[in-house]
Amino acid sequence: MLESAWATIIKTAKGLGLKKNLINQLIEPEMIHEFSFPVRMDDGETKIFKGYRVQHNSVLGPYKGGIRFHLNVTKEEVQALATLMTIKCAVAGLPYGGGKGGVVVDPKTLSETELERLSRAYAAKIAPFIGEDLDVPAPDVNTNPKIIAWMLEEYERILGRKSPATFTGKPLEKGGSLGRTEATGRGGVIVLKALLSRLNSKIKTKNSKLTVAVQGFGNVGYYFAKVASEEGFKIVAVSDSKGGVYVRDGLTPETTLRCKKEKGTVAGCYCKGSICDVRYGRSITNEELLELPVDVLAPAALENVINKKNMEKIKAKIIVEMANGPVTDEAYDYLSKKGTIIIPDVLANSGGVTVSYLEWVQGKQGYWWTEKEVNQKLDEMMIKAIDVIEKKSQTKKIPLRQAAFEVAIERILGKW
Ligand code: NAD
């Protein structure tokens with residue numbers, strides 16, 4: 001991931017005529033904090049955990065990025081994600097640089113009290129180098145509003161005063177923002193709709209409704225499917241780690257989610273309207289879902305799922321990269337040349353960090369907006385972002401990903 005992020009930055013920067021030392025400055029993180037810290041386990045023993053906070057670039061503003069709890073966390077992964085946050089924040093037009101944090105841990109092996117002690121200990125460790133105008137962390141894989149609330153409490157205890165804008169992704173009662181939970185999925189649909197209105201007649205279907213397949217039915221996938229369905233798209237397939245469903249006439253995301261909660265998986269949930277019935281659809285594998293002849297494919301689960309092995313079988317006309325890095329560089333080049341429109345992750349899933357920014361603004365001013373106001377601002381900001389990138393892509397005849405990186409790098413250079 002780090003190599004891929006670097007390769008895209010180097011390619012784009014070279015294309016813009018940047019000198020080597022400036023390219024290095026774009027790549028090298030400003031600071032890498034690598035540390036270990038003890039946590040008391042329930043049995044009285046103490047375990048040592050490894051943690052990171054990478055602060056990649058602060059030219060546009062305070063570092064911004066989530067904290068990940070996962071066994072596979074490495075310095076390189078955190079660094080790559082911090083680098084991509086620099087690009088993503090610049091693409092979204094936010095006054096932020098890029099950062100990311102992580103702890104090497106499988107949180108599923110911890111009790112609730114152990115998880116709380118670990119979260120507080122990590123927050124205490126990063127406390128000296130975060131702050132509302134310095135570095136603003138948020139949740140990421142395996143971290144959530146509850147964990148962020150523990151971290152904020154610990155941070156404020158050390159600081160000796162309130163500072164709600166130092167963390168985003170907080171629970172509502174701790175100063176979180178309305179609309180944050182669904183923001184990433186909603187943002188993806190806003191960008192998709194904006195792009196379709198510009199492409200106009202290029203994407204034609206026999207039916208009036210464009211068909212959509214969504215891989216992953218977690219936070220991002222579910223809200224993408226729900227909002228897209230509300231906006232008149234026909235969601236024909238969704239999946240999770242245990243398999244997927246295909247419903248030719250279009251499924252109802254809300255009922256499908258209810259069914260998933262009952263069964264523990266989306267597999268077998270053929271739900272239309274308020275009814276789930278086996279006659280409505282059929283089961284499909286995750287591989288089949290990616291290869292369906294749909295108008296729009298939204299990979300919203302894992303990285304690298306569209307790659308050398310399956311790229312020739314992808315039939316969707318538009319791919320919305322809702323996960324981080326679901327299309328490999330090789331597949332991106334192949335599909336772009338074939339004419340597939342790929343909305344890059346740094347733009348497609350930037351709705352989450354955009355509402356995090358709105359949460360930060362609300363926290364700093366101590367004034368909270370209604371959900372409608374938040375959604376309206378998200379809409380305006382996402383449309384502004386896609387406008388600039390699409391225009392560059394059209395003028396320079398380059399894929400959207402390259403245009404997005406160019407816009408980001410130009411914005412950073414403009415403030416350097
Ligand atoms: P999540 O944990 O809520 O959901 C992930 C979903 O993917 C689950 O439904 C899971 O079953 C499914 N999944 C796992 N393995 C799979 C497989 N092999 N095949 C198909 N589905 C599989 O996570 P999320 O918050 O929805 O994040 C999804 C992706 O979006 C990640 O790449 C994340 O980094 C990215 N992202 C999330 C946000 C956000 O605000 N949550 C913002 C930007 C990017």
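Nothing fancy with the numbering, it's 1 onward along the sequence. In each ligand, atom 1 is the first atom listed, and ligand 1 is the first ligand listed. Only a predicted model underlies this, so the values are computations on that prediction, with no experimental measurement involved.
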Q. In terms of heavy-atom contacts, does NZ of Lys75 have more than 12 from other residues, nucleotides or ligands at under 6.0 Å?
A. no
Q.
Would the pair Cys276 and Cys269 meet an SG-SG distance criterion of under 2.5 Å?
A. no
Q: Please report the shortest heavy-atom distance between Ala225 and Phe217, naming the atom on each side.
A: CB-CE1, 4.3 Å
Q: Assess whether atom NZ of Lys391 is packed by more than 12 heavy atoms of other residues, nucleotides or ligands within 6.0 Å.
A: no
(Q) Can you confirm if the NZ or CZ of Arg401 lies within 45° of the ring axis of Tyr332 and under 6.0 Å from the centre of its six-membered ring? (A) yes
Q. Within 45° of the axis and under 6.0 Å from the centre of the six-membered ring of Tyr280, does NZ or CZ of Lys272 qualify?
A. yes
Q.
Given a heavy-atom cut-off of 4.0 Å, could you list the residues near ligand 1 in chain and number order?
A. Arg180, Thr184, Gln215, Gly216, Phe217, Gly218, Asn219, Val220, Asp240, Ser241, Asn286, Ala300, Ala301, Leu302, Met322, Ala323, Asn324, Asn349
